[in-house]
2 protein chains.
Amino acid sequence: MKNRKEQIVNTATTFIKKYGYDSFSYKDLSESIGITKATIHHHFPKKEDLGLTVCEQIRVKIFLAAEKKISQLNTPKEKLEYVMNKFLTEIEKGEICPISSLQAEYNILPNSMKEMVANLSEKENTYLCEILKEGLADGSFQFSGSPRSMAIMIIAAYKGSLQYSRTMDDNIVNIVLEQIYKQIIKDHKA
Amino acid sequence: MKNRKEQIVNTATTFIKKYGYDSFSYKDLSESIGITKATIHHHFPKKEDLGLTVCEQIRVKIFLAAEKKISQLNTPKEKLEYVMNKFLTEIEKGEICPISSLQAEYNILPNSMKEMVANLSEKENTYLCEILKEGLADGSFQFSGSPRSMAIMIIAAYKGSLQYSRTMDDNIVNIVLEQIYKQIIKDHKA
DNA sequence: GTCTATACAAAGATAGAC
DNA sequence: GTCTATCTTTGTATAGAC
């Protein structure tokens with residue numbers, strides 16, 4: 001992706017994490033980047049095109065990158081901690097997970113974006129599920145219920161806590177993270 | 001609250017749960033209810049007024065009502081199950097918790113609404129926290145970590161799962177609910 | 001690839017009649 | 001309390017020059 005194009009996508013991603021897809025405009029982008037609206041329309045004729053590219057970039061830059069990195073790590077514990085921390089490094093203060101943001105607005109998204117969001121949601125669950133299964137198999141994790149239901153719960157709790165961190169001054173995200181570790185890692189201590 | 005006024009507030013609440021605060025318009029409301037935009041402006045001059053009334057109605061109709069009902073129940077287990085189920089009865093298919101929806105859009109809300117949303121977020125956590133403490137005290141619940149962190153995790157997981165249910169055809173919410181019960185209720189069986 | 005100018009529709013809001 | 005009419009601003013999008 002060319003520089004300018006990538007710059008627009010990155011700014012749009014930040015706006016989605018901060019304000020949501022429906023709540024940012026090409027004017028917001030143009031002022032933040034320092035170009036005109038028309039220029040952005042040149043690169044992404046419709047907002048839907050831009051939204052789709054944001055989704056595609058999440059898939060490639062976050063998911064594929066994480067997948068590769070995870071395969072190089074040795075223990076399930078390392079993998080879990082990598083995934084959880086990696087996730088947080090992508091989110092600044094006042095932002096939430098872009099996938100959560102798009103899920104919250106799901107009903108107003110164009111169909112093409114709905115499809116991408118559903119796909120990303122399923123993928124992140126699958127990845128975590130694999131790690132949990134590995135941990136159960138080698139005895140480093142311990143929990144009741146299926147890996148799939150546990151994976152959903154962990155992801156939902158983690159991202160939900162991010163949303164709560166907007167209104168509660170506490171360090172809620174880390175509190176929840178600790179709580180998660182306590183519940184599934186056998187020898188975990190805070 | 002008068003009939004028409006309440007009808008407007010109820011419709012607005014549904015729209016927030018479905019589409020989000022920023023994504024519904026007075027036009028949407030007017031068409032859904034069958035009155036003109038001007039009439040809605042008569043009852044709620046600014047959208048902010050309507051948004052605030054929606055928040056206030058959640059506080060009174062959901063929170064105060066739940067508080068009263070909970071005080072009449074006997075065991076922590078009953079109270080927990082009541083709260084969790086009560087919550088779900090308020091949410092139709094394709095909707096999410098209105099507080100979650102407002103949290104997701106937090107950065108674009110007027111200050112008055114930010115305050116209300118922060119208040120509601122704190123309140124729901126406090127209520128659940130009290131129930132968890134009771135359950136720990138009488139031995140019916142069992143978990144590691146503080147009641148406060150557990151309460152945050154449960155709420156975050158529960159509401160997060162609602163967002164996921166938009167994109168995953170599974171009965172995710174019930175799966176997560178079961179997972180929660182398994183982890184804190186001593187003698188729980190699916 | 002970027003700009004100015006412009007079109008068009010939608011959103012929030014108000015004035016004034018009934 | 002509800003309507004018609006109108007205003008203003010914003011959002012999305014296009015045309016055409018440089």
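Lettering of chains follows the sequences in order, A, B, ..., and the numbering in each one begins at 1.
Phosphate contact (OP1/OP2 of dC3(D), side-chain N/O of T39(B), threshold under 4.0 Å): present. In this model, the phosphate group of dA11(C) is approached by a side-chain N or O of S25(B) to a distance below 4.0 Å at OP1 or OP2. The phosphate of dT2(D) (OP1 or OP2) has no side-chain N or O of H42(B) nearer than 4.0 angstrom. Distances shown here put a side-chain N or O of R4(B) below 4.0 Å from the OP1 or OP2 atom of dT2(D).
Across the protein-nucleic acid pair, Y26(A) atom OH and dT2(C) atom C1' stand 15 Å apart, rounded to whole Å. Nucleotide dA11(C) holds its C1' atom 12 Å from the CD1 atom of I40(B), rounded to whole Å. Across the protein-nucleic acid pair, I33(A) atom CD1 and dT2(C) atom C1' stand 13 Å apart, rounded to whole Å. The separation between H41(B) atom NE2 and dA5(D) atom C1' is 14 Å, rounded to whole Å. Atom P of nucleotide dG1(C) and atom CZ of F44(A) are separated by 11 Å, given to the nearest angstrom. Note: CG (D49(A)) to P (dT14(D)) measures 10 Å, nearest angstrom. The CG atom of N3(B) sits 10 Å away from the P atom of dT2(D) (whole-angstrom rounding). Rounding to whole angstrom units, OH of residue Y21(A) and C1' of dG11(D) are separated by 12 Å.
Among the nucleotides dG12(C), dA13(D), dT2(C), the one closest to any side-chain atom of K46(A) is dA13(D). Closest to the side chain of A38(A), from the set dA15(D), dC3(D), dA13(D), is dA15(D).
Residue K27(B) is in sugar-phosphate contact alone, with no base atom involved, counting any heavy-atom pair closer than 4.0 Å across all strands shown. Note on T36(A): a base of the nucleic acid sits closer than 4.0 angstrom, heavy atoms only.
In this structure, F24(A) and Y21(A) have perpendicular ring planes: the angle between them is above 60°, well past the 30° mark.
Evaluation of atom-type donor-acceptor distances gives a pair under 3.5 Å for the side chain of K37(A) against the base of dT12(D).
A donor atom on one side chain and an acceptor atom on the other are found under 3.5 Å apart for E124(B) and Y164(A). Side-chain atoms of S121(A) and Q103(A) form a donor-acceptor pair, as typed in the model, at a separation below 3.5 Å.
Panel note: side chain T89(B), backbone K86(B); a donor-acceptor pair is recorded below 3.5 Å.
In this structure, K133(A) fails the cation-pi test against F141(A), since its NZ or CZ atom is not both closer than 6.0 Å to the six-membered ring centre and inside 45 degrees of the ring normal.
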